[in-house]
Amino acid sequence: MATDSSKSPAENSSDPLKKNLDWYIANQKELSAKYDGKVLLIVDQKLIAAFDSMGEAYTTALKTYTLGSFTLQPCSSGPESYTLMLYSPSYSLIS
Amino acid sequence: MTTGTRPSGPRHQAFTIRYNGKSRRLISEVEIFPAFLPTSSPPQGRKCKALYDTGATHSAVSPQVVAELQLASIGTRNVGVAGGTLATTSHMVNIALPNLVMFPMMPVTKMVLLGGIDAIIGMDILGLGDFTVTHHNGNTTFSFCCPSWKEIDLVAELQDNQRFAPIHSSKVGRNSPCPCGSGKKYKKCCGKGLV
């Protein structure tokens, strides 16, 4: 698969973790209705399991998957679950 | 200067940072580790200059911290700033604030930071406890307690203070300066008609 080498992995749509985020956003409504407040373990755009805490999700995921191959996604409605908002105007200079 | 106390309750942890004069930024040294369980021995950490930012919804670390600690990604996260959003990575860390106020298994976002700042402590951490900033006598002091210990309501404290303050004290002499601070004699100010 061709990739755009000028972009960072997170910006590249072929990055598996970026694909996992896109999949989460596309299915967020259904996921949040069922797993609100949970932490989702997502691999290859598939939901593997839902956990009560980030620590539990992290330690369990490492038993099966290598770091960098899975996404741990807090699940809730709205963009807050996947967006860090910086309200200080100075941050606009570094984006 | 940093001081720390542990208020009543076995799980409460707190720290206080005091500046000489007013500070325009709330900064302290923190230590960041690759994520580890509290039951295991900690891996090599990195001391970082952290900015406490109530305008950040989540905590963040610089790309240098990610590289030096070799933090693998646990997902992609968007960063919303003035002018749009950008995609970056998130990473799992343990964060030690002053006085060993520890936060294990915290997801942080990688982003470029300014002014020699290595990390941002955002509302995901600050929201886990009580956070105060004061400038009494012109000196900035900020304090943090986790988990939340009590509500701090300055309006209520001020009202209580005024309710119990002895405005008309019988111990004030009629020719003494008025305790209200007006500079007038008590007999010609708050004590008028009373003495």
Side-chain angles (χ1 to χ4, degrees), chain A residues 4 7-25 28 39-43 45 51-63 65-76 78-95, chain B residues 24-26 34-40 51-63 66 69-94 102-115 117 120 122-124 127:
Chain A
D4 184 349
K7 295 180 178 179
S8 69
E11 294 171 316
N12 202 316
S13 59
S14 65
D15 175 63
L17 301 187
K18 178 70 168 66
K19 284 184 175 179
N20 286 345
L21 176 62
D22 292 340
W23 176 84
Y24 168 76
I25 294 172
Q28 187 180 15
V39 177
L40 306 182
L41 170 59
I42 303 170
V43 178
Q45 302 157 77
F51 300 90
D52 289 330
S53 72
M54 189 61 81
E56 181 189 8
Y58 184 73
T59 52
T60 305
L62 284 181
K63 292 175 183 173
Y65 304 100
T66 57
L67 271 170
S69 69
F70 61 86
T71 291
L72 297 180
Q73 177 61 55
C75 183
S76 65
E80 295 81 11
S81 60
Y82 58 86
T83 305
L84 159 64
M85 289 301 299
L86 296 165
Y87 291 98
S88 173
S90 65
Y91 289 117
S92 64
L93 301 173
I94 59 176
S95 63
Chain B
R24 295 182 183 274
R25 301 185 302 173
L26 303 179
F36 66 96
L37 292 172
T39 52
S40 60
L51 174 73
Y52 295 76
D53 188 352
T54 58
T57 57
H58 297 78
S59 298
V61 297
S62 69
V66 172
L69 294 179
Q70 299 181 333
L71 301 175
S73 174
I74 60 159
T76 301
R77 183 173 279 176
N78 291 337
V79 177
V81 294
T85 62
L86 64 155
T88 181
T89 53
S90 60
H91 307 266
M92 191 74 88
V93 298
N94 286 26
M102 294 290 294
F103 293 91
M105 300 290 174
M106 293 298 301
V108 293
T109 301
K110 180 180 77 173
M111 62 174 294
V112 177
L113 300 171
L114 297 173
I117 300 295
I120 290 175
M123 286 302 291
D124 55 340

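These values consider heavy atoms only, across backbone and side chains, with no hydrogens, waters or symmetry-generated copies.
- Of the two parts of A:Thr59, only the side chain, counted from C-beta on, holds a non-hydrogen atom closer than 4.5 Å to a non-hydrogen atom of chain B.
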inquiry  = Please determine whether side-chain contact (heavy atoms from CB on, under 4.5 Å) holds for the pair B:Leu37 and B:Met105, giving the CA-CA distance in whole Å, both sets of side-chain angles, and the decisive distance to 0.1 Å.
reply    = CA-CA 8 Å; B:Leu37 292 172; B:Met105 300 290 174; 3.7 Å; yes
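- For B:Thr109, the side chain to side chain donor-acceptor pair (under 3.5 Å) test picks out B:Arg77, with sequence neighbours left out.
- Residues passing the ring pair (Phe, Tyr, Trp, His ring centres under 6.0 Å) test with B:Phe103, sequence neighbours excluded: none.
- Of the two parts of B:Leu71, neither the backbone nor the side chain holds a non-hydrogen atom closer than 4.5 Å to a non-hydrogen atom of chain A.
- For a residue to count as touching a neighbouring chain, one of its non-hydrogen atoms must lie under 4.5 Å from one of that chain's; by this rule A:Leu67 touches chain B with backbone and side chain alike.
- With values rounded to the nearest 0.5 angstrom, B:Thr76 atom OG1 is found 5.0 Å from A:Asp15 atom CG.
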